[in-house]
Each structure stands twice: as structure tokens, then as C-alpha cells.
Amino acid sequence: MNKLFNRNKMLMILFGIIVLILLIGFSMADRDSTTKAEQFTADATAGTQTVIGAPLNFVGNIFSTISKSFGALEENEKLRAKLDMLPQMEADIERLEAENEELRNALDVSSKREYDTTAARVISRSPDQWLDSFTIDKGKSDGLTEGMAVMTTEGLIGTVRRANGGSSYIEMLTTSVSQNNLSVEIMHDDEPVYGNISRYDNERNLLVVENIKNRSGLEKGDEVFTSGLVGDFPEGLIIGTVVEVENDEYGLSQNAYVQLKSNVDDIDTVFVLNRSPESMED
């Protein structure tokens with residue numbers, strides 16, 4: 001019985017192989033149409049792929065959307081960070097442009113002087129002595145000595161009161177010490193009128209020039225320069241402009257109120273006049 005079953009099994013296998021070979025040969029033959037069996041198999045396979053692929057594609061699209069969302073969020077964070085930095089970048093650009101303009105002005109002014117200058121930066125300024133002094137980043141190692149005049153691009157601002165190795169303490173014109181013995185000349189109709197700075201009016205933010213002769217004819221807008229007659233400053237350094245003239249309390253002379261050319265609240269770059277005390281006598 002077993003032998004008969006094994007023989008029938010072998011015959012069925014051989015028959016199946018023969019049918020498979022015939023089907024393969026038949027499918028490889030050049031034909032213009034497909035058989036019903038081939039159409040059924042192809043349609044069944046396509047339908048199965050559609051049924052199986054639809055949820056897979058749906059899940060794939062979900063993951064793709066999520067991935068893109070995270071990418072968009074990350075990109076938005078980067079763009080938002082850049083936008084947050086725009087005000088700082090604009091401020092830096094404005095500051096650098098202003099600094100470059102100030103340095104160009106300093107070079108232009110110093111090139112017109114008959115003496116060398118040393119450019120310096122303000123590195124320290126105490127709030128409680130805002131109108132008295134500041135410290136610069138140049139000192140004895142750069143050739144600075146006490147008594148040298150210090151200017152901004154607009155005009156005279158002070159004097160080197162103490163020179164250290166790599167820094168210097170600058171006393172401003174607004175202090176009483178710097179005002180001592182500071183003789184000035186005020187140009188009116190191309191004629192000099194002399195006086196001396198007595199004090200700084202903190203309420204009006206103006207220098208007060210005293211001992212001006214009566215009937216000098218001074219007017220608002222006349223420019224004030226160092227005279228070079230008294231003190232450590234050379235002649236011809238611009239100080240400011242007359243804004244008001246009045247008689248003194250005794251009526252013997254006149255006082256002039258002078259607006260400094262330099263902005264005392266905005267001092268960043270200065271240059272020191274490298275002129276020896278001996279040359280000041282010329």
C-alpha cells in the first residue's frame with residue numbers, strides 16, 4: 001500500500017513539474033494577449049500589492065510629515081535666533097561706522113597739526129567724576145608726559161595730569177585744576193581778544209571766560225582758542241564757541257560763556273599732542 005502511495009506521489013510531482021515547464025514555456029512565447037490564468041494572477045497580485053501597500057504608504061507618509069515638521073521647527077528656531085540677533089548686529093554696525101568716522105576725523109585733524117599726535121582710547125571713566133577726568137590706554141611707553149594737551153576730533157578736552165607706563169590720567173577742562181592759568185584768545189573780526197578761563201558752569205554746561213576788556217565787541221559765534229601765553233597748551237587749539245557775553249559785576253570787564261566744541265558726555269577716541277615743553281616757548 002505504501003509503495004503504491006509513494007508511486008502515485010512521484011507521478012504527481014513529475015506531472016506538476018511537466019505542467020510548470022509547459023506554463024513557463026507558454027508564458028515566454030511571443031503572444032499578443034495573455035491567458036485568463038495570467039490575467040487572474042496579475043490582477044490578484046496587483047490587488048494584493050494595493051491592499052498591502054496602501055497602509056504602508058499611509059504610515060510612511062505620516063512619518064515623513066512628522067520628520068519634515070521637526071525639520072521645519074528646527075529651521076524656524078534657527079531663523080528666530082537670527083532674527084533676535086538682528087538688533088544687536090545693526091547696533092554693532094552703527095557703532096563700528098561711527099568709530100571709523102571718528103578715527104578718520106582724528107587722522108584728518110592730526111594731519112593738519114604742526115606737531116605729532118598719539119591716538120588713544122578711553123578705557124575708564126568714573127560716573128562720580130564724569131566731568132573731571134578719564135583714563136586712556138597710552139602712557140610713558142608711548143612717549144606721553146605730564147602737561148600734554150589732549151584733544152578730541154572737535155577740540156581741546158583736557159591735559160595729561162599723570163602718565164603711567166601704559167596708561168594716563170586725563171584731567172578735563174571742566175575741572176578747576178585744568179582751568180588754572182589757561183589763557184585763551186577769542187577771534188572777533190579776525191582780531192584776537194584775550195581772557196582766561198575761570199570756571200565751568202555746571203548748571204549751564206558752559207566755560208566762563210573772564211578778564212575780557214570792555215567794549216571788545218565780542219558776539220555770539222566767535223570762536224575761542226588757546227593763546228599759548230600762559231600754561232602748558234600751545235597756541236591755536238580750538239576750545240569752543242561764544243554763546244553769550246555780559247559785563248562783570250563791577251562793570252570793569254566782560255565775561256564770555258563758551259560752549260565746548262567737544263562733547264564731554266561722549267568721549268571715546270582722543271589724541272595727545274606730542275609736543276615738548278621746550279617747543280611750547282616757540
Side-chain angles (χ1 to χ4, degrees), residues 102 105-106 108-115 117 130-134 147-161 170-267 270-273 275 277 279-282:
E102 186 175 5
N105 291 336
D108 182 59
V109 172
S110 62
S111 66
K112 297 176 182 177
R113 299 293 179 187
E114 296 178 355
Y115 27 76
T117 60
W130 193 256
L131 293 178
D132 295 334
S133 62
F134 56 84
M148 287 182 169
V150 180
M151 301 188 68
T152 67
T153 56
E154 289 83 17
L156 185 66
I157 191 62
T159 181
V160 177
R161 184 53 55 187
I170 309 302
E171 198 166 70
M172 297 170 62
L173 285 180
T174 50
T175 68
S176 58
V177 178
S178 288
Q179 296 157 12
N180 291 339
N181 299 322
L182 182 51
S183 175
V184 299
E185 62 180 17
I186 306 173
M187 297 303 297
H188 176 68
D189 293 337
D190 296 327
E191 291 293 331
V193 178
Y194 296 96
N196 64 281
I197 297 176
S198 65
R199 60 190 174 88
Y200 184 76
D201 190 328
N202 289 294
E203 293 183 358
R204 303 176 64 180
N205 295 324
L206 298 173
L207 284 173
V208 181
V209 179
E210 295 182 342
N211 299 324
I212 301 170
K213 67 180 181 179
N214 274 330
R215 295 181 295 278
S216 61
L218 293 182
E219 297 177 348
K220 181 179 180 180
D222 290 340
E223 291 190 318
V224 183
F225 302 85
T226 56
S227 68
L229 300 177
V230 181
D232 297 332
F233 298 104
E235 180 183 4
L237 303 181
I238 182 68
I239 296 176
T241 305
V242 174
V243 296
E244 184 182 340
V245 181
E246 65 178 15
N247 292 326
D248 68 1
E249 57 181 337
Y250 303 107
L252 301 177
S253 62
Q254 290 184 315
N255 298 334
Y257 290 86
V258 177
Q259 176 69 59
L260 284 170
K261 286 284 189 180
S262 298
N263 183 356
V264 297
D265 291 321
D266 185 17
I267 305 173
V270 298
F271 53 96
V272 184
L273 276 58
R275 195 177 184 201
S279 66
M280 294 182 186
E281 299 175 0
D282 297 340

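Quick note: numbers below take in every heavy atom, side chains included, and nothing from hydrogens, waters or symmetry partners.
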Q: Begin with the C-alpha distance, continue with both residues' side-chain angles, and end with the deciding distance and a verdict on side-chain contact (heavy atoms from CB on, under 4.5 Å) for Ile238 and Glu223.
A: CA-CA 8 Å; Ile238 182 68; Glu223 291 190 318; 4.1 Å; yes
Once you round to the nearest 0.5 Å, how far does [atom1] of [X] lie from [atom2] of [Y]?
| X | Y | atom1 | atom2 | value |
| --- | --- | --- | --- | --- |
| Arg215 | Asn247 | CZ | CG | 9.5 Å |
| Ile170 | Ile267 | CD1 | CD1 | 10.0 Å |
| Phe225 | Ile186 | CZ | CD1 | 10.5 Å |
| Glu235 | Leu229 | CD | CG | 7.0 Å |
| Ile212 | Asn196 | CD1 | CG | 8.5 Å |
| Glu154 | Thr152 | CD | OG1 | 4.0 Å |

Q: Would you please test Ser253 and Asp248 for side-chain hydrogen bond (donor to acceptor under 3.5 Å, both in side chains) and show each step?
A: CA-CA 6 Å; Ser253 62; Asp248 68 1; 2.9 Å; yes
Can you tell me if [X] uses its side chain to pair, donor with acceptor, with the backbone of [Y] under 3.5 Å?
| X | Y | value |
| --- | --- | --- |
| Asn255 | Glu246 | no |
| Thr159 | Met148 | yes |
| Ser227 | Ser183 | yes |
| His188 | Val193 | no |

Q) With a 4.5 Å limit on heavy-atom distance, are the side chains of Tyr257 and Val209 in contact? A)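 No; the side chains remain at least 4.5 Å from each other.
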Q | Test item: Thr241 and Lys261 side chains (from C-beta on) under 4.5 Å apart, heavy atoms | A | yes
**Q.** Steps toward side-chain contact (heavy atoms from CB on, under 4.5 Å) verdict (Phe134, Met172)
**A.** CA-CA 8 Å; Phe134 56 84; Met172 297 170 62; 3.7 Å; yes
Of all the heavy-atom pairs spanning [X] and [Y], show the shortest one and how long it is.
| X | Y | answer |
| --- | --- | --- |
| Glu185 | Pro192 | OE1-CB, 3.9 Å |
| Ser262 | Gly155 | OG-O, 2.9 Å |
| Ser216 | Gln254 | OG-OE1, 2.7 Å |
| Leu156 | Leu260 | O-CD2, 4.4 Å |
| Asp132 | Thr174 | N-OG1, 4.3 Å |
| Pro234 | Thr226 | O-OG1, 2.5 Å |

**Q.** Audit row: Met187, Asp222, side-chain contact (heavy atoms from CB on, under 4.5 Å) steps and yes/no
**A.** CA-CA 6 Å; Met187 297 303 297; Asp222 290 340; over 6 Å; no
Q. Stepwise, does the side-chain contact (heavy atoms from CB on, under 4.5 Å) test hold for Trp130 with Asp265?
A. CA-CA 8 Å; Trp130 193 256; Asp265 291 321; 3.0 Å; yes
